[in-house]
2 protein chains.
Amino acid sequence: MAIAKTNEFTQQEQDLAAFAKVLSHPARIAIMKVLANENACICGKIVEILPLAQSTVSQHLKELKNAGLIKGTVEGPKSCYCINWDAMEKFMQDFNGMFSALQLQKGKSCC
Amino acid sequence: MAIAKTNEFTQQEQDLAAFAKVLSHPARIAIMKVLANENACICGKIVEILPLAQSTVSQHLKELKNAGLIKGTVEGPKSCYCINWDAMEKFMQDFNGMFSALQLQKGKSCC
DNA sequence: ATCATTCATCGTACAAATACGATAAATATT
DNA sequence: AATATTTATCGTATTTGTACGATGAATGAT
């Protein structure tokens with residue numbers, strides 16, 4: 001991908017982009033919906049619902065967890081995942097904040 | 001990327017993911033900010049501000065345009081870009097709508 | 001103790017994204 | 001007409017993302 005120039009941008013830009021990136025795959029959006037809807041947020045249950053292999057789902061779960069959008073706890077041989085609501089609410093707030101900041105300049109546009 | 005299973009998901013999931021994907025790079029977030037702040041949204045001006053080559057900026061602009069977040073008009077040898085507010089507002093509405101739908105299930109979680 | 005279940009991780013294959021320089025096309029300028 | 005400016009596109013190199021099967025580690029069941 002060439003020598004990623006990601007860190008040439010502001011922290012805010014990087015953070016917002018990172019948040020967007022986690023949600024930039026339909027499988028991860030679908031996982032969030034499953035986690036919200038199912039009482040038992042067991043990995044196996046998610047694998048049943050998604051059209052993806054177990055290892056692939058596990059990978060997506062890892063990314064969501066690394067980004068902080070979900071939490072995971074071990075229950076015997078099973079793994080239970082849930083949405084990290086505090087984090088999600090903050091992320092959405094920041095995301096909407098950026099958009100509001102853009103909108104403040106709305107009249108300025110030339111075209 | 002292996003044989004992308006993107007279309008195994010719902011249209012809504014694909015659309016939301018596509019929107020998130022366009023904003024999943026700090027350069028594209030930065031471009032949106034420049035377009036909102038500068039009266040003259042000329043490509044050259046953006047190239048001056050971003051730490052990227054002209055061809056790379058042009059590529060990012062193309063992606064933003066393809067996704068519908070911005071509009072572009074030719075002005076002689078120059079190109080003028082602006083935010084497509086109608087589209088942006090709809091995208092943000094859908095994105096927030098998904099989050100609200102998740103939140104409705106908030107109590108259900110097991111962990 | 002043996003076997004089954006569940007899941008994370010490893011290795012691997014291939015697709016897509018990012019970045020740049022070079023070039024081409026269009027318009028402005030001289 | 002010749003030259004300069006501006007930007008899109010092409011070709012290419014490299015990195016990252018997506019996907020799967022196979023394996024291993026941990027726990028539960030027999």
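Just so it is clear: chains get the letters A, B, ... in the order the sequence lines come, proteins before strands, and each one is counted from 1. Quantities reported herein were computed from a predicted structural model and do not represent experimental measurements.
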How would you label the contact of [X] with the nucleic acid (heavy atoms, under 4.0 Å): base, sugar-phosphate, or nothing?
| X | answer |
| --- | --- |
| B/Lys65 | nothing |
| B/Leu52 | sugar-phosphate |
| B/Ser55 | base |

### Message
Within the supplied structure, the quantity of interest is the number of heavy atoms (other residues, nucleotides, ligands) at a distance under 6.0 Å from B/Lys78 NZ; does it exceed 12?
### Response
no
What's the [atom1]-[atom2] distance between [X] and [N], to the nearest Å?
| X | N | atom1 | atom2 | result |
| --- | --- | --- | --- | --- |
| B/Lys5 | C/dA15 | NZ | C1' | 15 Å |
| B/Ile31 | C/dT18 | CD1 | C1' | 13 Å |
| B/Lys45 | D/dT7 | NZ | C1' | 17 Å |
| B/Asn66 | D/dA8 | CG | P | 12 Å |
| A/Ile29 | D/dT18 | CD1 | P | 12 Å |
| A/Leu23 | D/dG17 | CG | C1' | 16 Å |

### Task
Identify, between A/Gln59 and A/Ala2, the residue whose nearest nucleotide on DNA chain D lies closer to the 5' end.
A/Ala2
### Message
Here's a test of your reading of the structure: between A/His60 and A/Gly76, which maps to the more 5' nucleotide of DNA chain D?
### Response
A/His60
### Message
The side chain of B/Cys43 is closest to which nucleotide in this list: D/dT18, C/dT18, D/dT7?
### Response
D/dT7
### Query
To the side chain of B/Gln54, which of D/dT7, C/dA8, C/dA28 is closest?
D/dT7
### Task
Answer yes or no: is there a donor N or O on one side and an acceptor on the other, between the side chain of A/Glu13 and the main chain of A/Thr10, under 3.5 Å?
yes
Any [X] side-chain N or O less than 4.0 Å from OP1/OP2 of [N]:
| X | N | value |
| --- | --- | --- |
| B/Lys21 | D/dG17 | no |
| A/Tyr81 | C/dT6 | no |
| B/Lys78 | C/dA28 | no |
| A/Thr56 | D/dA19 | no |

### Message
Restricting to non-hydrogen atoms, name the atom on A/Ala27 and the atom on A/Leu50 that form the minimum distance, rounded to 0.1 Å.
### Response
O-CD1, 4.0 Å
### Message
Restricting to non-hydrogen atoms, name the atom on B/Ile83 and the atom on B/Lys71 that form the minimum distance, rounded to 0.1 Å.
### Response
O-CE, 4.3 Å
### Query
For the residue pair B/Trp85 and A/Phe99, does the interplanar ring angle fall in the parallel (under 30°), tilted (30 to 60°) or perpendicular (over 60°) class?
tilted
### Task
Test side-chain hydrogen bond (donor to acceptor under 3.5 Å, both in side chains) on A/Gln105 and B/Glu38 and set out the steps.
CA-CA 9 Å; A/Gln105 315 291 329; B/Glu38 297 288 327; over 6 Å; no
### Task
Using the closest heavy atom to pick a nucleotide of DNA chain C for each, name whichever of B/Ala27 or B/Ile3 lands nearer the 5' end.
B/Ile3
### Summary
Distance col, row B/His25:NE2 vs B/His60:NE2, nearest 0.5 angstrom, shows 4.5 Å
### Message
Let me test you: for the helix from C/dA1-D/dT30 to C/dT30-D/dA1, what is the angle between the axes at its two ends (five pairs each), rounded to 10 degrees?
### Response
10°
### Query
Quick one: do A/Asp86 and A/Lys90 make a salt bridge, cutoff under 4.0 Å?
no
